[in-house]
2 protein chains.
Amino acid sequence: MDAEAIKRSLEGSGLRCTPQRYAVMAFLMKHNRHPTAAEIFEAVNRVDPRSSRATTYNNLRDLVQAGLVREVAVEGRAARFDAKGVRHHHFICDRCGKVEDIEWCDVPRPASGSLGKRILRECELIFRGLCTKCAPRRHASRSVS
Amino acid sequence: MDAEAIKRSLEGSGLRCTPQRYAVMAFLMKHNRHPTAAEIFEAVNRVDPRSSRATTYNNLRDLVQAGLVREVAVEGRAARFDAKGVRHHHFICDRCGKVEDIEWCDVPRPASGSLGKRILRECELIFRGLCTKCAPRRHASRSVS
DNA sequence: GACAAATTTAGACTATATCTAATGTGATAT
DNA sequence: ATATCACATTAGATATAGTCTAAATTTGTC
């Protein structure tokens, strides 16, 4: 996405295209990892225009409010704990960050049902509760009681 | 779960059953919300035995290491951001807290496939990306690009 | 250019979590 | 019983993430 397009996108959402705001938005569009505010702050400040910490946070807030950026994995930013009594999954709301328990369910095996392969791949993630990197190599099952 | 059972469970994991440790564990077993460390600290300290902040955090760490407690929604405790370019879901690993994008996929409609109703209910949560409370009331579709 | 509104800024402040060094506790050997 | 030693606890210092404030600056408009 080129500079003009970013400018239009900001102004289309009722935000002025200030140098600092532009820098934050451009950085987020260029890097599709999920950077923290601190990483964005640092990256933006390696070159002109500089941007104070407050401005970086303000701009992130504005971009999220405008619907141009998503904030993920929130939940008040404090760790939460859970005695492993009944086996269950955790689901985290995209909007409010609430942690919701969902009933335990094993990974569905057959890929032939009315739900296609793509859905299964996504189901497997949540059913397993582990990302691709952390998932056990083979058919080994991990205790998540 | 009674006091003896908690004691056995701690000792079975190689942890001494100290008053402070017991209090944290008992609190977590009794309340199946997902309290923060601060909430646990406060609750435990409303009555004897008192427990310092460091001890509360240490005990939580020990309980997690021993596999008796889970820490949910981690990810280094810093918010992460994401320019809403391509529509996708976010999956957060239960073990390492990594945020992983998964390809966008609409909520599957039919409940009659080879995957049962229960699976569908769980799929819907992740496919929608919103918890029960935040989900739009009816068939309204939310823009999550 | 002058004005008002929006934006940026440095730094103080709050909240969450970890570290440190001193002290306390409990099981075991003597 | 008591000396010992590993394990636990403590208060307080420190670190990190984020917010707030009040003043200064920039921007769009007349």
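First the proteins, then the strands, lettered A, B, ... as listed; each starts at 1.
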Novice: Could you list, one pair per line, each protein nitrogen or oxygen that sits under 3.5 Å from a nitrogen or oxygen of nucleotides 1-5 of chain C, together with the distance?
Specialist:
none

Novice: Just the rounded figure in Å: distance from P of D/dC7 to CG of B/Leu15.
Specialist: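 Answer to the nearest Å: 12 Å.
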Novice: Check the distance between C/dT8's P and A/Asn45's CG and give it to me in whole angstrom.
Specialist: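 Those two atoms, CG and P, are 12 Å apart.
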Novice: Working to the nearest 0.5 Å, report the span between CG of A/Asn59 and CE of A/Met25.
Specialist: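 It is 11.5 Å, given to the nearest 0.5 Å.
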Novice: What are the two closest non-hydrogen atoms of B/Leu15 and B/Asp62, and how far apart are they?
Specialist: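 Distance-wise, the nearest heavy atoms are CD1-O, 4.0 Å.
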Novice: Could you tell me the separation between the CD atom of B/Glu39 and the NE2 atom of B/His31, rounded to the nearest 0.5 Å?
Specialist: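 Reported to 0.5 Å precision, the distance equals 10.5 Å.
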Novice: Nearest whole angstrom, please: distance from the C1' of D/dA8 to the CD of B/Gln65.
Specialist: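 So the two atoms are 15 Å apart, to the nearest Å.
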Novice: Can you tell me how far P of C/dT8 sits from CZ of A/Arg61, to the nearest Å?
Specialist: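 Result: 11 Å.
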Novice: To the nearest Å, give me how far apart CD (B/Glu39) and C1' (C/dA17) are.
Specialist: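 So the two atoms are 15 Å apart, to the nearest Å.
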Novice: Using whole Å, report how far OH of A/Tyr57 lies from P of C/dT14.
Specialist: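 Distance check: A/Tyr57 OH to C/dT14 P gives 17 Å.
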Novice: Looking at A/Asn45 and A/Ser51, what are the two nearest heavy atoms and their distance?
Specialist: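 For A/Asn45 versus A/Ser51, the nearest heavy atoms are ND2-O, 2.7 Å.
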Novice: Can you name the closest pair of heavy atoms from A/Ala43 and A/Phe27 and give their distance?
Specialist: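 So the minimum-distance heavy-atom pair works out to CB-CE1, 3.4 Å.
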Novice: Taking CD from A/Glu11 and P from C/dT7, how many angstroms apart are they, rounded to a whole number?
Specialist: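 In whole Å, C/dT7 P lies 11 Å from A/Glu11 CD.
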Novice: Can you give me the closest heavy-atom contact between B/Ala38 and B/Tyr57, atom names plus distance?
Specialist: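 Result for this residue pair: N-OH, 4.5 Å.
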Novice: Got a second to check how far A/Leu60's CG is from A/Arg21's CZ, nearest 0.5 Å?
Specialist: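 If we round to the nearest 0.5 Å, A/Leu60:CG and A/Arg21:CZ are 11.0 Å apart.
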Novice: At what distance, to the nearest 0.5 angstrom, does CG of B/Leu28 lie from NZ of B/Lys30?
Specialist: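 Answer rounded to 0.5 Å: 12.5 Å.
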Novice: Encode nucleotides 9-16 of chain D as B, S and - characters from 5' to 3', where the letter depends on protein heavy atoms closer than 4.0 Å: B to the base, S only to sugar-phosphate, - to neither.
Specialist: SBB-----
Novice: Could you measure the distance from the OG1 atom of A/Thr18 to the CG atom of A/Leu10? Nearest 0.5 Å is fine.
Specialist: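 Rounded to the nearest 0.5 Å, the OG1-CG separation comes out at 8.0 Å.
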Novice: Would you mind reading off the distance between A/Leu60 atom CG and C/dT7 atom C1', rounded to a whole angstrom?
Specialist: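 For the pair A/Leu60 CG and C/dT7 C1', the rounded distance is 15 Å.
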